[in-house]
Amino acid sequence: MRVTPGAWRLAMVPFGLAPVAAVVVPPLAALAVGLGVGILWFHRDPSRSGPDRGFVAPADGRVTSLQHRDNRLRVGIFMNLDDVHVVRSPAAGTVLDLTHEAGGHRPAFSKASKHNERLRMTIGRGDDELTVILIAGAFARRIHPYHDPKTTLECGQRVGHISFGSRVDVVFPQSVSEADLAVAPGDSVRAGETLIART
């Protein structure tokens with residue numbers, strides 16, 4: 001099973017404690033091993049392949065919001081704890097900018113999450129651009145981008161992950177209208193596979 005970068009480092013903490021716990025308090029050893037396995041499972045990174053055209057979902061989860069802001073459509077996807085938390089590029093393009101915004105760690109599905117920590121990734125596509133926003137949640141404490149500005153991305157390519165949580169928003173180019181959307185609030189999506197907007 002492929003896992004995200006740094007997952008083994010996190011899992012080695014409970015794995016390393018298991019032998020000590022086996023001597024001192026044996027039941028805790030099983031708990032430590034289970035915790036280590038759970039960390040690896042949470043950070044799993046399966047292979048994905050999607051459609052040849054259009055915009056694909058950047059994250060596993062459920063579509064929870066559809067908004068119009070500054071003449072652009074914004075779709076929010078909430079990730080449950082049992083979803084894969086690897087984030088993928090919705091379309092091919094070039095990373096133009098990465099902007100980290102400090103903030104809180106409120107539940108990602110709540111209105112208060114607009115004040116949460118986040119990372120904005122702007123991706124250029126010719127004369128257009130889209131933005132992928134990785135948002136930390138109540139349990140998410142670390143957002144891990146994989147690429148620097150000027151990196152060329154393929155559609156569905158891994159762009160980062162969020163440890164233990166939360167939500168990813170896509171702000172489409174102005175050329176994408178609501179009629180182009182292939183999903184609606186309440187729909188389940190899979191990163192890199194589910195078509196969310198047609199072009």
Side-chain angles (χ1 to χ4, degrees), residues 1-9 42-61 63 65-67 69-79 83-102 108 116-136 140 142-163 165-183 187 189-199:
M1 176 179 69
R2 174 175 173 154
V3 296
T4 62
W8 274 104
R9 177 174 51 81
F42 181 90
H43 289 89
R44 65 199 184 281
D45 184 6
S47 297
R48 297 282 174 84
S49 61
D52 296 329
R53 300 186 62 184
F55 296 86
V56 298
D60 285 17
V63 177
S65 64
L66 170 59
Q67 301 174 329
R69 292 186 181 178
D70 301 322
N71 297 319
R72 297 175 70 183
L73 283 173
R74 177 171 177 157
V75 170
I77 299 170
F78 174 72
M79 296 179 283
D83 288 318
V84 172
H85 284 68
V86 174
V87 180
R88 294 173 179 266
S89 180
T94 301
V95 179
L96 300 179
D97 184 58
L98 291 173
T99 304
H100 178 264
E101 299 178 16
N116 281 13
E117 177 185 358
R118 64 194 57 215
L119 178 79
R120 295 177 182 270
M121 176 180 290
T122 304
I123 301 172
R125 303 176 67 249
D127 294 331
D128 274 334
E129 63 180 44
L130 69 140
T131 305
V132 181
I133 307 169
L134 290 70
I135 304 170
R142 292 180 178 85
I143 299 174
H144 305 271
Y146 294 169
H147 305 290
D148 296 319
K150 300 184 179 179
T151 301
T152 299
L153 302 172
E154 297 179 0
C155 181
Q157 183 174 340
R158 300 169 177 89
V159 296
H161 74 271
I162 309 173
S163 286
S166 69
R167 196 176 102 210
V168 176
D169 287 2
V170 180
V171 182
F172 291 103
Q174 290 187 356
S175 58
V176 176
S177 69
E178 194 164 345
D180 298 318
L181 293 181
V183 294
D187 289 350
V189 296
R190 284 168 59 89
E193 290 187 352
T194 304
L195 183 71
I196 60 171
R198 307 173 184 87
T199 55

Counterpart residues, side chain to side chain contact (heavy atoms under 4.5 Å, CB included), relative to L66 (two or more places apart): L73, V75, E178, L181, P185

Looking at CD of E117 and CG of L134, how far apart are the two atoms once the value is rounded to the nearest 0.5 Å? 10.5 Å

What residue among R118, R120, R74 forms side-chain hydrogen bond (donor to acceptor under 3.5 Å, both in side chains) with D169? R74

If I take atom CG from residue L119 and atom CD1 from residue I162, how far apart are they, to the nearest 0.5 angstrom? 9.0 Å

Check the pair H85, H161 against ring pair (Phe, Tyr, Trp, His ring centres under 6.0 Å), reporting the backbone distance first and the verdict last. CA-CA 6 Å; H85 284 68; H161 74 271; 9.2 Å; no

For R44, which residues count as a side chain to side chain donor-acceptor pair (under 3.5 Å) partner, sequence neighbours excluded? none

Salt-bridge present (R48, D60; N to O < 4.0 Å): yes

Around Q67, counting heavy atoms of other residues, nucleotides and ligands shown, do more than 12 lie under 6.0 Å from its CD? yes

Could you walk me through whether F55 and V170 pass the side-chain contact (heavy atoms from CB on, under 4.5 Å) test, one step at a time? CA-CA 10 Å; F55 296 86; V170 180; 5.8 Å; no

Search all heavy atoms of T131 against all heavy atoms of I133 and return the closest pair with its distance. CG2-CG1, 3.8 Å

Taking all non-hydrogen atoms of both residues, which atom of I196 and which atom of F172 are closest, and how far apart? CD1-CZ, 3.7 Å

Over all heavy atoms of both residues, which pair between P149 and L96 is shortest? Give the atoms and the distance, please. CB-O, 3.9 Å

Quick one, M79 with V168, criterion side-chain contact (heavy atoms from CB on, under 4.5 Å). Give me CA distance, side-chain angles, the key distance, then yes/no. CA-CA 8 Å; M79 296 179 283; V168 176; 3.8 Å; yes

Any residue meeting side chain to side chain donor-acceptor pair (under 3.5 Å) with R198, in chain and number order, not counting sequence neighbours: none

I'd like to know if the side chain of H147 and the backbone of R158 have a donor-acceptor N/O pair within less than 3.5 Å. yes

Of the non-hydrogen atoms in Y146 and G160, which two are nearest, and what is the gap between them? CD1-N, 3.5 Å

Heavy-atom closest contact (Q157 atom, T152 atom, distance): OE1-O, 3.9 Å

side-chain contact (heavy atoms from CB on, under 4.5 Å), that's the test. Do T4 and H144 meet it? Break it down for me. CA-CA 10 Å; T4 62; H144 305 271; over 6 Å; no

Quick one: pull up OG in S175 and CD in E129 and give me the separation to the nearest 0.5 Å. 11.0 Å

Among V132, L130, V95, I123, find the residue that satisfies the side chain to side chain contact (heavy atoms under 4.5 Å, CB included) test when tested with S89. I123

G54 and C155 have their tightest heavy-atom pair at O-SG, 4.3 Å

Give a yes-or-no answer on whether the side chains of D180 and S177 include a donor-acceptor pair shorter than 3.5 Å. yes

